[in-house]
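What follows is a short report on a single structure.
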Amino acid sequence: MSLLNAATEVRLRAYAPYSRFKVGAAIRSVEGNTHVGCNVENVAYPEGTCAEAGAIAAMIAAGDSKIAEIWVIADSPEPVPCCGGCRQKIAEFAAPDVIVTLCTTDGKTRSLTVAELLPGVFTAAHMDKA
Ligand code: THU
């Protein structure tokens, strides 16, 4: 199954009773497997989790290590931009040249690299004191 189809399918299982904004994400890992996630909201709003976070958790739980490609889809007017936190989460597991494809349910797509998605990324190197 394509990552677009996998993200489209998992989006339908999102739990988003508060925002009513369902998001799906699908990752192909460097190991060659597909991992999916959807947003899972909570009545205590900050406890909700994004689709990207769910897909990353599924990848790690399955024993895979790195993102080779990621697709994110929502029913938005323009391709849904990942939130700031998810940009940092993706950067933890993806090389700067990995392609992130943002999509709408009516067929618009926008592809960019992880480096473009999160310029000025915080890395472990920033904790080195010389
Ligand atoms: N959301 C995601 O899951 N991923 C994104 O890239 C943008 C936002 C979710 C979080 C929340 O459940 C809902 O969309 C509205 O913000």
Side-chain angles (χ1 to χ4, degrees):
M1 187 190 283
S2 72
L3 290 183
L4 174 58
N5 285 348
T8 299
E9 191 177 285
V10 72
R11 175 184 164 274
L12 299 175
R13 295 197 287 276
Y15 176 76
Y18 306 106
S19 72
R20 307 241 168 242
F21 188 69
K22 293 185 169 200
V23 186
I27 289 169
R28 183 170 51 80
S29 65
V30 295
E31 290 83 0
N33 302 306
T34 299
H35 305 283
V36 297
C38 55
N39 52 331
V40 180
E41 297 184 345
N42 192 282
V43 65
Y45 294 174
E47 300 306 325
T49 50
C50 286
E52 297 90 326
I56 289 169
M59 178 186 82
I60 295 301
D64 286 354
S65 62
K66 283 278 185 188
I67 298 169
E69 192 182 347
I70 178 167
W71 288 60
V72 184
I73 188 166
D75 182 11
S76 49
E78 294 301 322
V80 59
C82 307
C83 78
C86 284
R87 292 173 196 228
Q88 187 74 44
K89 287 184 179 80
I90 291 167
E92 181 79 15
F93 298 104
D97 63 346
V98 161
I99 301 293
V100 180
T101 302
L102 310 172
C103 312
T104 67
T105 51
D106 63 2
K108 289 183 193 156
T109 65
R110 177 177 174 225
S111 292
L112 66 173
T113 66
V114 168
E116 290 166 337
L117 190 68
L118 185 55
V121 60
F122 175 69
T123 69
H126 293 103
M127 294 188 288
D128 290 343
K129 278 204 179 165

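Atoms within each ligand, like the ligands themselves, are counted from 1 in listed order.
- Put simply, the side chain of Thr101 does not reach to within 4.5 Å of the side chain of Leu4, judged on heavy atoms.
- For the residue pair Arg87 and Cys82, the shortest heavy atom distance occurs at NE-O, 2.8 Å.
- Between Tyr15 and Tyr18, the ring planes lie perpendicular to each other; the angle is over 60°, past the 30° to 60° tilted range.
- The 4.0 Å heavy-atom shell around ligand 1 contains residues Ser19, Phe21, Val23, Asn39, Glu41, Cys50, Ala51, Glu52, Pro81, Cys82, Cys83, ordered by chain and number.
- When each of Val30, Ile67, Ile27 is tested with Phe93 by the rule side-chain contact (heavy atoms from CB on, under 4.5 Å), just one qualifies, namely Ile67.
- In this structure, Lys66 has no salt bridge (charged side-chain N to carboxylate O under 4.0 Å, His left out) partners at least two apart in sequence or on a different chain.
- At least one donor-acceptor pair closer than 3.5 Å links the side chain of Asn39 to the backbone N or O of Phe21.
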